[in-house]
Amino acid sequence: MTWSEMQPLLEQACTETLVMVGWSTLIAVVGGLPLGILLVLTDKGGLLQNTVVNKVIGQIVNIGRSLPFIILMVALMNFTRWVTGTTIGSEAAIVPLAIGGIPFFARLVETAVREVDHGLVEAVQAMGGNTWTIVRKVLVPEALPSLIASTTTTVIALIGYSAMAGTVGGGGLGDLAVRYGYQRFETGLMWTTVAILAVVISLIQFAGDFAARALHRRGARSGPGPKLRLLKGEEPATAEVGKAA
């Protein structure tokens with residue numbers, strides 16, 4: 001197979017892979033972020049401590065992560081057909097990709113949020129901040145570099161899942177490699193898809209690492225954390241009280 005014959009096939013497959021991974025990543029982030037934060041908030045000593053809720057969410061996440069992706073695709077075929085009207089193609093593959101990505105990303109979010117200094121949370125609580133304020137002003141901003149790294153890891157994992165989806169007609173580069181590279185013995189095309197996947201994953205990893213480092217440096221230059229700003233903000237008031245006395 002010549003390059004002129006491979007090019008349109010590769011362009012279509014790359015587009016399908018980008019669509020699958022893009023939409024499934026978006027859904028995984030939207031669904032996994034609140035789940036991961038909720039796992040931290042409802043855990044022992046958390047702001048919304050609730051053992052029952054924490055156990056239930058934890059078990060759901062664990063079950064979602066424990067299923068091999070190809071089994072998950074088969075198990076969700078009826079649901080996928082109900083959502084998209086078909087079980088074949090890139091649109092159908094988005095459903096199991098997103099559902100598989102949500103628990104994966106949720107655990108990464110949980111780990112990232114747990115790394116936030118608890119002293120900052122206590123400082124905002126002392127200022128009268130409620131749970132939503134703490135999540136919005138402390139937990140998410142302070143964990144943002146780690147969350148970017150977690151998103152990068154999720155995107156790379158979903159690219160691997162999307163290639164696996166190609167083995168059952170999910171479209172994308174995996175489907176192209178199986179149908180042409182393996183079944184039709186087009187070795188050159190198969191290795192070209194492998195090279196494209198390697199380059200794409202390397203670029204995504206580089207971009208994610210760069211963004212995480214940039215956010216970390218910006219956070220380090222932004223000055224004292226909420227607790228220190230709180231203490232500095234209290235000094236003038238303390239001085240005025242001393243003068244009045």
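Position 1 is the first residue of the sequence, and the numbers go up from there.
Side-chain atoms of Gln49 come within 3.5 Å of backbone atoms of Gly45 as a donor-acceptor pair (strictly under, hydrogens ignored). The main-chain N or O of Leu39 is never found under 3.5 Å from a side-chain atom of Asp43 such that the two would form a donor-acceptor pair. Checked by atom type and distance alone, the side chain of Asn130 pairs as donor or acceptor with a backbone atom of Thr133 at under 3.5 Å. Glu110 contributes no side-chain N or O that, together with a main-chain N or O of Gly36, makes up a donor-acceptor pair within less than 3.5 Å. In this structure, the side chain of Thr17 engages the main chain of Leu173 through a donor-acceptor pair within 3.5 Å.
Distance check, rounded to the nearest 0.5 Å: CG of Leu147 to CG of Leu215 gives 10.0 Å. From Glu91, atom CD reaches atom CE of Met20 across 11.0 Å, with rounding to the nearest 0.5 Å. For the atom pair CG of Leu33 and CD1 of Ile102, the computed distance is 11.5 Å after rounding to the nearest 0.5 Å. Here Leu176 contributes atom CG and Thr192 contributes atom OG1; the two are 9.0 Å apart, rounded to the nearest 0.5 Å. Distance check, rounded to the nearest 0.5 Å: CD1 of Ile156 to OG1 of Thr25 gives 10.5 Å. Note that the CZ atom of Arg114 and the OG atom of Ser146 stand 14.0 Å from one another [nearest 0.5 Å].
The shortest side-chain heavy-atom distance between Val21 and Leu97 does not fall under the 4.5 Å cut-off. Taking 4.5 Å as the limit, some side-chain heavy atom of Ile159 sits within range of a side-chain heavy atom of Leu197. Here the side chains of Leu47 and Val40 are not in contact, with every heavy-atom distance at 4.5 Å or above. Taking 4.5 Å as the limit, every side-chain heavy atom of Glu142 sits out of range of all side-chain heavy atoms of Asp117. In this structure, the side chains of Asp209 and Phe206 stay at 4.5 Å or more apart for every pair of heavy atoms. Within the 4.5 Å cutoff, the side chain of Val61 has no heavy atoms near those of the Phe104 side chain. Using a 4.5 Å heavy-atom threshold, the side chains of Ile60 and Pro103 count as separate. Annotation: side chain of Leu41 is in contact with side chain of Val135 (closest heavy-atom distance under 4.5 Å).
Across Met73 and Met164, no two heavy atoms sit closer than the pair CE-O, 4.1 Å. In plain terms, the two heavy atoms of Thr86 and Ala92 that are nearest each other are O-CB, 3.5 Å. Minimum interatomic distance between Ala112 and Ala143 (heavy atoms only, all atoms of both residues): O-CB, 3.8 Å. Contact detail for Val95 and Thr84: the closest heavy-atom pair is CG2-CG2, 3.8 Å. Contact record, Thr193 with Ala177: OG1-CB, 3.6 Å, taken as the closest heavy-atom pair. Across all non-hydrogen atoms, the minimal contact from Glu16 to Gly172 is OE1-N, 2.7 Å.
Leu144 and Phe210 are not part of a single hydrophobic cluster, where members link through side-chain heavy atoms under 4.5 Å apart. No path of Ile, Leu, Val, Met, Phe, Trp and Tyr side chains, each step under 4.5 Å between heavy atoms, connects Leu18 with Leu10, placing them in separate hydrophobic clusters. Met77 and Ile94 are members of different hydrophobic clusters when ILVMFWY side chains are connected at heavy-atom separations under 4.5 Å. Note: the hydrophobic cluster containing Leu26 also contains Leu158 (ILVMFWY, side chain heavy atoms under 4.5 Å, direct or indirect links). Under a hydrophobic clustering in which Ile, Leu, Val, Met, Phe, Trp and Tyr are joined whenever their side-chain heavy atoms come within less than 4.5 Å, directly or via other members, Leu76 and Trp23 fall into the same cluster.
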### Task
Show the numbers, then the answer: is there a side-chain contact (heavy atoms from CB on, under 4.5 Å) between Leu35 and Val109?
CA-CA 8 Å; Leu35 271 182; Val109 171; over 6 Å; no

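Annotation: Gln125, atom CD; neighbour count of heavy atoms from other residues, nucleotides and ligands within 6.0 Å is above 12.
With Thr42 as the fixed residue, the side-chain hydrogen bond (donor to acceptor under 3.5 Å, both in side chains) test singles out one of Thr51, Asn54, Asn50: Asn54.
If you check the side chains of Asn78 and Arg81, you find a donor sitting under 3.5 Å from an acceptor.
The aromatic rings of Phe69 and Tyr161 sit parallel, their planes meeting at an angle under 30°, below the 60° perpendicular limit.
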